[in-house]
Amino acid sequence: MPKKEDLEVFVDHSEVLGQHSGHPAEGKSSALLKLAEGACDTERDRLPTAARDEESHAVVTMQQVADRARVSISTVSFVVNDTKPVTPATRERVLQAIADLGYRRNSMARALASRKTHILALIYPMLDHRYPHRFVESAATTAAEHGYNLVLWPLHSNNVTSEITSLIQAALVDGVLLMEVQLEDERVAHLRTMEAPFTLIGRTRELDGIDYVDIDFERTVETAIDDLAALGHRDLTLVVEDVSGTPLAGYAPPFRAEQAFGEIVSARRLHGRVFRIGHRAREVTGFADRLLREAPATTAVLGMHDDVNLALVNTLPHRGIDVPGDMSIVSLATARSLSELTEPALTVYEAPGAEVGRAAAEALIARLEGRDAPRAQVLIPCPLHPGGTVAAVRPRARSSSGS
């Protein structure tokens with residue numbers, strides 16, 4: 001028969017679940033348990049293999065830990081949840097019993113009782129877009145270092161606000177990291193209206209009072225242009241993704257790169273051309289011919305479009321254009337591993353995914369823990385990793401535009 005202490009914590013949990021905006025408690029409990037599935041605390045990660053194997057065959061209860069340590073179940077709770085002081089000797093007996101039995105703390109019970117889940121949601125749209133694994137991996141690692149779990153929360157574009165409302169009102173998470181940010185982003189407006197703690201991985205157009213961490217596209221483009229200009233390149237082409245007509249219309253990175261390119265090329269008195277290219281195979285593979293036809297004076301391409309960058313390196317030699325002798329190619333804000341897919345290896349300005357993910361998670365956690373700090377508004381430029389696709393300008397036999 002369970003002791004009274006066993007029952008009290010679950011009664012408290014049902015009360016907490018029933019207090020959020022009149023939503024049924026049952027649905028919220030189910031959602032929370034789904035989020036918590038597989039989660040465990042730091043002590044559990046350090047348990048011996050034998051203890052974990054034993055636990056996999058039978059669920060160990062707090063009562064069993066109390067019996068083994070010869071203490072009350074309340075004392076076990078105090079140790080596990082660190083809610084009241086316990087003598088060192090007693091604490092050691094409880095921890096040893098936990099290790100021996102392979103006890104796994106019910107982290108969701110603690111979360112519901114304290115009204116804090118120690119869960120962060122990383123919200124991103126359900127789109128045919130590259131998985132941002134380095135951002136996610138770094139954010140998850142940083143969250144774990146601070147005692148939080150990170151869950152991925154994909155949203156469908158046709159019901160974004162309702163899904164966010166459910167997430168926040170049900171108190172399933174403590175805070176939100178938001179990815180794939182658009183210049184005018186309804187998710188941001190909705191989170192602000194609900195006064196939910198959040199940090200952007202990206203930037204909207206208006207940034208007052210918002211925590212964000214983003215790639216410094218402007219500085220990266222400027223650095224790449226200056227690096228190429230130092231090698232004598234004066235006719236430059238920028239290639240960005242064409243996201244018009246897609247759920248990512250208004251996606252900030254292509255806009256910011258294009259805007260920076262135009263301003264810097266003008267300020268440096270260089271010649272620039274911009275192409276917006278989608279992801280259809282014919283459009284990508286045919287771009288080399290289009291470039292030679294429409295911008296024949298180009299001596300260097302700055303590509304923020306991985307598919308096009310790979311296609312150019314592979315296709316241009318078949319058109320009699322040597323890379324990098326006749327045309328230099330740099331890849332902007334991308335994974336360093338992309339350089340391994342071409343011969344010669346692409347010169348890459350690497351997306352600082354790990355740094356951005358870590359800084360964003362730290363900013364959100366600082367806000368959640370009430371640290372007295374100004375808004376985190378951080379821009380991180382892309383570091384250069386030289387490859388074999390950049391060289392100084394040399395005279396070319398093919399025709400020039402005369403510009």
Side-chain angles (χ1 to χ4, degrees), residues 130 217 220-243 253-254 257-258 260-262 264-265 268 270-351 382-403:
R130 284 186 175 79
F217 295 100
T220 299
V221 169
E222 181 178 21
T223 300
I225 290 174
D226 287 343
D227 289 346
L228 291 166
L231 294 172
H233 293 278
R234 299 190 58 79
D235 292 278
L236 309 177
T237 287
L238 173 71
V239 183
V240 295
E241 292 179 278
D242 184 2
V243 293
E258 183 174 340
F261 180 81
I264 296 162
V265 163
R268 305 292 194 271
L270 304 172
H271 304 290
R273 178 73 186 268
V274 176
F275 289 89
R276 303 184 192 100
I277 306 296
H279 287 274
R280 290 174 296 182
R282 182 176 299 179
E283 192 173 5
V284 171
T285 58
F287 178 68
D289 292 326
R290 182 182 173 188
L291 174 66
L292 298 177
R293 183 174 63 251
E294 298 182 17
T298 298
T299 62
V301 175
L302 298 83
M304 208 162 83
H305 193 310
D306 290 352
D307 295 343
V308 167
N309 295 334
L310 295 174
L312 285 176
V313 176
N314 291 329
T315 304
L316 285 173
H318 296 288
R319 303 296 187 266
I321 306 301
D322 180 64
V323 178
D326 296 321
M327 188 177 297
S328 292
I329 301 172
V330 299
S331 188
L332 303 178
T334 191
R336 186 177 181 181
S337 58
L338 189 70
S339 65
E340 301 171 2
L341 303 179
T342 63
E343 180 60 43
L346 264 170
T347 293
V348 169
Y349 290 83
E350 182 184 17
C382 300
L384 170 64
H385 293 283
T389 58
V390 172
V393 171
R394 72 184 187 190
R396 292 184 300 176
R398 65 190 179 93
S399 61
S400 169
S401 64
S403 53

Are Glu222 and Arg268 within salt-bridge range, i.e. N to O under 4.0 Å?
yes
Distance check, rounded to the nearest 0.5 Å: Thr389 atom OG1 versus Leu346 atom CG?
4.5 Å
Any side-chain hydrogen bond (donor to acceptor under 3.5 Å, both in side chains) involving residues 330-345? Give me the pairs, sequence neighbours left out, ordered by first then second residue.
Asp306-Thr334, Asn309-Ser331, Arg336-His385
Report the C-alpha distance between Asp322 and Arg394 in whole Å, list the side-chain angles of each, state the deciding distance to 0.1 Å, and finish with yes or no for side-chain contact (heavy atoms from CB on, under 4.5 Å).
CA-CA 11 Å; Asp322 180 64; Arg394 72 184 187 190; 3.8 Å; yes
Looking at every non-hydrogen atom in both residues, tell me the closest pair between Pro296 and Leu292 and how far apart they are.
CB-O, 3.4 Å
From Leu270 CG over to His233 NE2, what is the distance, rounded to the nearest 0.5 angstrom?
11.5 Å
Just verifying a value: how many Å separate Thr347 OG1 and Asp227 CG, rounded to the nearest 0.5 Å?
10.0 Å
Pick one: which of Leu228, Ile329, Thr237 meets side chain to side chain contact (heavy atoms under 4.5 Å, CB included) with Leu302?
Leu228
Test your reading of the model: is there a side-chain donor-acceptor pair from Arg319 to the backbone of Asp289, 3.5 Å cut-off?
no
I need the full list of ring-ring contact (aromatic ring centres under 6.0 Å, His included) pairs touching residues 285-313, with sequence neighbours left out, sorted by first then second residue.
Phe275-Phe287, His279-His305
Please assess Leu236 against Arg273 for the test side-chain contact (heavy atoms from CB on, under 4.5 Å), listing each intermediate value before the final yes or no.
CA-CA 6 Å; Leu236 309 177; Arg273 178 73 186 268; over 6 Å; no
Does some side-chain heavy atom of Phe261 sit less than 4.5 Å from a side-chain heavy atom of Leu332?
no
Would you indicate whether the side-chain heavy atoms of Leu310 and Leu341 approach each other to under 4.5 Å?
yes
Do side-chain atoms of His271 reach the backbone of Thr298 as a donor and acceptor pair under 3.5 angstrom?
no
Assess whether side-chain contact (heavy atoms from CB on, under 4.5 Å) is satisfied between Met327 and Leu312, documenting all intermediate values.
CA-CA 10 Å; Met327 188 177 297; Leu312 285 176; 5.7 Å; no
